[in-house]
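The structure under discussion appears below in the form of structure tokens.
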Amino acid sequence: SQTIHQWPATLVQPVGSPLSLECTVEGTSNPNLYWYRQAAGRGLQLLFYSVGIGQISSEVPQNLSASRPQDRQFILSSKKLLLSDSGFYLCAWNGGFAYNEQFFGPGTRLTVL
Amino acid sequence: SQQGEEDPQALSIQEGENATMNCSYKTSINNLQWYRQNSGRGLVHLILIRSNEREKHSGRLRVTLDTSKKSSSLLITASRAADTASYFCATNTNAGKSTFGDGTTLTVKP
């Protein structure tokens, strides 16, 4: 069966510090991978998606970047965090755009102080 | 911009009652999905309804879709305290990506 992992679960970082959040998927190959951000009490905002190794599409201009160094690994990064980067970050996967159901990881709660 | 918008934003009911949540969207869709999110957790897929379907059931869940009104509803029958969560609709277009609404927070009181 497939599983998706995210770490860390929570993170408190000072403004201007770097960020690296990691997401890995097990039990499937060549998944579509997604990074979302969720503000408190709101829905999900799609940040990045990837259809393959090294292929990253950005949905909104921002202070973040994403990379996919391996088939089942998706990394969200920032060189210098802003206060506005605080939020709940969710990674998700599915078998491709034809498979609409997405499977979500447990999320990372990021607080930038 | 958000494609789906849920209504109401918050709903509080007693255990055993039915809960109805609505979702409206703006553009034509291929399908619509409902997800559930427990506080501080990831989302869990509940049900998908395609644009050519009008109603779908899964256990205590009933989803309807009215493409002429660009709206969907999620009915949870005989609610339980464990149904307390936020519920989100997500729409998919030909582009394949999902667009999520802001959700309805459901509280079921024992």
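Just so it is clear, the structure is predicted and the values come from calculations on it, not from any experiment.
- With a 4.5 angstrom heavy-atom cutoff, L48(B) touches chain A only via side-chain atoms.
- Under the 4.5 Å side-chain heavy-atom criterion for Ile, Leu, Val, Met, Phe, Trp and Tyr, V51(A) and W35(A) are members of distinct hydrophobic clusters.
- A donor-acceptor pair is defined here as one N or O able to donate and one able to accept, closer than 3.5 Å; such a pair exists between the side chain of D102(B) and the backbone of G43(A).
- Counting heavy-atom neighbours within 6.0 Å of Q9(B) CD, excluding the residue itself, gives a total of 12 or less.
- Clustering ILVMFWY residues whenever any of their side-chain heavy atoms sit less than 4.5 angstrom apart, transitively, puts L44(A) in the very cluster that holds Y49(A).
- Residues passing the side chain to side chain donor-acceptor pair (under 3.5 Å) test with E55(B), sequence neighbours excluded: H57(B), R62(B).
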If you apply the rule side chain to side chain contact (heavy atoms under 4.5 Å, CB included), what do you find for Q37(B) with L90(A), and how did you get there?
CA-CA 12 Å; Q37(B) 183 182 33; L90(A) 288 158; 4.2 Å; yes
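- More than 12 non-hydrogen atoms from other residues, nucleotides or ligands lie less than 6.0 angstrom from CZ of R54(B).
- When every heavy atom of Q38(A) is checked against every heavy atom of F88(B), the shortest pair comes out as NE2-CZ, 3.4 Å.
- Looking at F103(A), neither its backbone nor its side chain comes within 4.5 Å of chain B, counting heavy atoms on both sides.
- L46(A) has its side chain out of reach of T99(B): every pair of non-hydrogen atoms, C-beta onward, lies at least 4.5 Å apart.
- Taking a 6.0 Å sphere around CZ of R80(B), one finds it holds 12 or fewer heavy atoms contributed by other residues, nucleotides or ligands.
- Closest approach of S98(B) to Q102(A), counting heavy atoms only: OG-NE2, 3.3 Å.
- From F104(A), atom CZ reaches atom OH of Y35(B) across 5.5 Å, with rounding to the nearest 0.5 Å.
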